[in-house]
Amino acid sequence: MSRNFHAVTAEYNTLYNGGLAYETGKEELALSYRDNFWEILPVERVALQEEIDTPGETKDPNFNRAEEKATKAIQKHSIYIDGNEYNPQIDEAYMMLGKARYFDQRFIPAQDAFNFILNRYPTSNNINRAKVWKAKTNIRLKNEDIALENLQEMMDEVALEDEELAEASAIIAQAYINLDSLPEALPFIKLASEYERNNELKGRYAYIKGQVYDRLEMRDSANLAYEEVIDLNRKSPRVYMINAYIAKARNFDYNKEDKIAFLELLTELEEDRENRPFLDKIYYQIGEYYRNNDSIDRAVAFYNKSIKNFKNDDYLQSMNYRTLAVFNFDAANYKAAGAYYDSTITNLAVNGREWRQFKKKRENLDDVITYEDISTQNDSILTLVAMNEGERLAYFTEYTALLREQARLDSIAAVKAQTAEANKEFYEKNTTTAKDNNGTSTFYFYNSTTAAFGKQEFNKIWGNRKLEDNWRLSSKKTTSITEPGNIVEVVEISESELFDPQTYITKIPTDQVVIDSLAKDRNFAYYQLGLIYKEKFREYELASNRLEKLLTLNPEVRLVLPSKYNLHKIYAEMGNVAMADTYKNDIITNHPDSRYAQILLNPNTQLATDESSPEFKYKALYREFENSQYQNVIDTSDEYITLYNGTDIVPKLEMLKATSLARKEGFEPYKKALNYIALNYPNSEEGKEAEKIYKFVLPKIANTDFVGDEESDNWKLIYQFPVAEGEAANALQKKLDEAIKEYNYFDMSTSVDYYNPETVFVIIHGLNTRMGGRGFAEVLKENKNYKIKRPFFEIASPNYKTIQIHKNLDSYLKQGTPDAEK
């Protein structure tokens, strides 16, 4: 009787209430979870949270209650005697305990509960379920190999029921998916889909099966799997069915299948009222249909509809925006493309692969937008400059006529809006009952107070108007009384200077210097656009278009040869041998003494010994860098970059310039320069190296904090000198070398280091402690043979590295060396 009492009480009281709390918590988890149908779905709808709770804290009070009830059942109703448990509900209590902890995302405690069942209750009817849930926790803990080993062993040794087989197969499939072993996952997700009896899970497993087939590029099998989901119809959540339709649509073969029937299906999905929560997905797919059939305008309309019907699918929004960005880029609407890329980025996970990819594309567009604006604007101005007086007058007469008509329409619209607002205000103030409590009439025209108010409001809005047809048009000259005695004149449209062609004609530049400057800026913009399209975007058609247009504009001599050489390279990349040879022969024939002709005639010759060659000049510039002539290196690099624009030496010069900036100005200018190189020369060795440094090295040296004395056993003693006192610095170094030799400090050495354009350091290296360095400086100060009384300071080697990287010596001296001699 005691055993039965404890079993019944545990099952129908404690575990029953715990089960209710557990199911409630599980339902809330499912409701709060949002599936990402653009990736392979997890077999379980549980979202892992990143934040870490403090010990004993739970995320969901329902799971906390379920855990408490399971614990209470174990503590109060367990009958464990001589190694045997006589209450058959205790293993159920441990299962509830483990599952509550699992969904509360405390996986180690959950695993303890499942292990307790496996160790203490080997004959329990929950033994297989415990193994499955233990495997789940191992997967959550990233121990997929262990989970696979345990589950495979269980499936090989034990005859499982359908429910257990479906659950175990689904977990094995999930483990393989996590390991990106999709071929191995496929048979198990098929088993799970086949043996699962719960229609919600059956639809989910079938959809995952279709996704796995898709990833393996087995489209026919994927479509059959999606058909299984669709056939479930209302037995499974509608979200699976709609996404199955969408997934099938993405697999549609526009060359072989019936496009008319396909469009009819998409239209039916759109018109079905039950599909309103999924219109964003449906509109996107219809947009894809028109895009694949070259109906770009209709495609754009449906992408915009998808955006307006946003239903919390950020990735879908990003796909809409990125597609519209591509359309605008192809149509040369670069500002619009940039705006769409901005929207694309905001809808992607920050710092993800795609986020970085589109952010780089957006940054690359900055230069395109700038130079396209310059070329378009200057082209327009120069076109007007080239017109004669009659052509200019005709052009701006037509332009102002359009402006005048638009202003008339805007005026009518504004009047209508004002009228509607005035009427609304009037009715709000005057819609009362016909009689007040005293029997006095409140009808507007019978009330002298409200009538006077109405006249005042009319004059405030309309001014003094004649009673005539079309009296409301703003083209009627009126006066508007805003305050007593304050009259504002409203100018007729016909009298506004905005509609006078001469207003614009007089602004056309006539100064030849200004005109030449506009032409020069436009030509350089075309040249830059050609290089950007070639190097950054590999848009060879656009690149050749801009460079060929440049050659028709009589550009400066310095742009002609690089343009022809780049056109030769572009057509070679496009496989247009005839055009590539045309430009090659042009350069060799018309510019035989040029560097480009020598390269084309001797492509394997470095020409590095030629004093006029970029390679020779680069080596000379590098020698200046080694001699710490950083400002000269930066200035000369800029000249050479302009001179040799479009050649392979430019990325090398950019990298040398970036390194000089690092030595001269520190971390932030270096970071900016590296980012520029990585974005502008991505296919060069220097561009790839800059990308690696920017991504992996800079984050490690970005910290400006200084280490404490106890953290370093390598110190330096430093004497500061103005750059102008270079001879004194060298003399001090010589004296320090003599002192080190006299005192037999063989581990010490000296150097003269550049700090910034104003300061150099004379440094003693090889000291072990701060006090050791200070003591040696004091000895040199007192020794009559040296008498080195110049101010000094000590610094740990890591801190010296920091001040050289970030140029923050002042911060170090303020906080790091309170006792140093200054």
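Numbering of residues begins at 1 and proceeds along the displayed sequence.
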Tightest non-hydrogen contact, residues R362 and D366, listed as NH1-OD1, 2.8 Å

Decide whether Y526 and D379 meet the rule of one side-chain donor and one side-chain acceptor closer than 3.5 Å.
-> yes

Within 6.0 angstrom of N576 CG, more than 12 heavy atoms from elsewhere = yes

Determine whether more than 12 heavy atoms belonging to other residues, nucleotides or ligands lie under 6.0 Å from atom CD of E727.
-> no

Donor on one side chain, acceptor on other, E742 and Y786, under 3.5 Å = yes

Find out whether the Lys NZ or Arg CZ of R663 is both under 6.0 angstrom from the six-membered ring centre of F625 and within 45° of the ring's axis.
-> no

Backbone N or O of V513 within a donor-acceptor pair of the S517 side chain at under 3.5 Å?
-> no

Do NZ/NE/NH1/NH2 and the carboxylate oxygens of E354 and R322 come within less than 4.0 Å?
-> yes

With no hydrogens and no angle check, is any side-chain donor or acceptor of S797 less than 3.5 Å from a backbone partner on N714?
-> yes

Verdict with reasoning, T750 to V762, per side-chain contact (heavy atoms from CB on, under 4.5 Å) | CA-CA 7 Å; T750 65; V762 177; 5.6 Å; no

Supply the atom-to-atom distance L348 CG to D314 CG, rounded to the nearest 0.5 angstrom.
-> 8.5 Å

Output, in order, the C-alpha distance, side-chain angles, deciding distance and verdict of salt bridge (Lys or Arg N to Asp or Glu O under 4.0 Å) for K672 and E665.
-> CA-CA 12 Å; K672 185 176 179 181; E665 299 179 19; over 6 Å; no

Check: N351 main-chain N/O paired with R356 side-chain donor or acceptor under 3.5 Å | yes

Output yes when a side-chain donor or acceptor of H568 lies under 3.5 Å from a complementary backbone atom of A580, and no otherwise.
-> yes

How are the rings of F761 and F793 set relative to one another: parallel (under 30°), tilted (30 to 60°) or perpendicular (over 60°)?
-> perpendicular

Backbone of S637 reached by a side-chain donor or acceptor of E654 within 3.5 Å | no

Would you give the length of the straight line joining atom CG of L567 to atom CG of L547, rounded to the nearest 0.5 angstrom?
-> 4.5 Å

Rounded to the nearest 0.5 Å, the CG atom of L813 sits from the CG atom of L809 at a distance of 4.0 Å

Within a radius of less than 6.0 Å around CD of E626, do more than 12 heavy atoms belonging to other residues, nucleotides or ligands occur?
-> yes

Can you tell me which residue pairs pass the ring-ring contact (aromatic ring centres under 6.0 Å, His included) test with a partner in residues 730-753, sequence neighbours excluded?
-> Y743-Y745, Y745-F776

Rounded to the nearest 0.5 Å, what separation is found between the CG atom of D586 and the CD1 atom of I588?
-> 10.0 Å

Got a donor-acceptor contact below 3.5 angstrom from the N523 side chain to the L550 backbone?
-> no

So, do Y334 and F329 have ring centers that fall under 6.0 Å from each other?
-> yes

Just checking, K807 and Y755: is the charged tip under 6.0 Å from the six-membered ring centre and within 45° of the axis?
-> yes

Passes side chain to side chain donor-acceptor pair (under 3.5 Å), Q512 versus D516? Steps please.
-> CA-CA 6 Å; Q512 191 60 42; D516 290 344; 2.8 Å; yes

Those residues at least two apart in sequence (or on a different chain) that pass ring-ring contact (aromatic ring centres under 6.0 Å, His included) with Y694 are none

Are E639 and K617 within salt-bridge range, i.e. N to O under 4.0 Å?
-> no

To the nearest 0.5 angstrom, please state how far the OH atom of Y371 sits from the OH atom of Y527.
-> 11.5 Å

Is there a donor-acceptor contact under 3.5 Å linking the side chains of E541 and N545?
-> no

Crowding at NZ, K664 (>12 non-hydrogen neighbours, <6.0 Å) | yes

Do NZ/NE/NH1/NH2 and the carboxylate oxygens of R546 and E539 come within less than 4.0 Å?
-> no

Can Y571 and M574 be said to form a side-chain contact (heavy atoms from CB on, under 4.5 Å), step by step?
-> CA-CA 5 Å; Y571 282 117; M574 294 171 66; 4.2 Å; yes

Calculate, to the nearest 0.5 Å, the distance between atoms CD1 and CZ belonging to I803 and F706 respectively.
-> 7.0 Å

Whether S318 side chain and Y315 backbone form a donor-acceptor pair below 3.5 Å | yes

What closest approach, in Å, do L674 and M655 show between heavy atoms, and which atom pair accounts for it?
-> CD2-SD, 4.0 Å

Between Y340 and N333, is a side chain to side chain donor-acceptor pair (under 3.5 Å) present by the stated rule, with each step listed?
-> CA-CA 11 Å; Y340 280 121; N333 298 324; over 6 Å; no

Contact summary for N785 and N783, nearest pair of heavy atoms | N-OD1, 2.8 Å

Above 12 or not: heavy atoms from other molecules or residues under 6.0 Å from CZ of F327?
-> yes

Exceeds 12 heavy-atom contacts within 6.0 angstrom, atom CG of N554 = no

For the student: nearest non-hydrogen atoms of K564 and L551, plus distance = CG-CD1, 4.1 Å

Lys NZ or Arg CZ of K716 over Y800 ring: under 6.0 Å, within 45° = yes

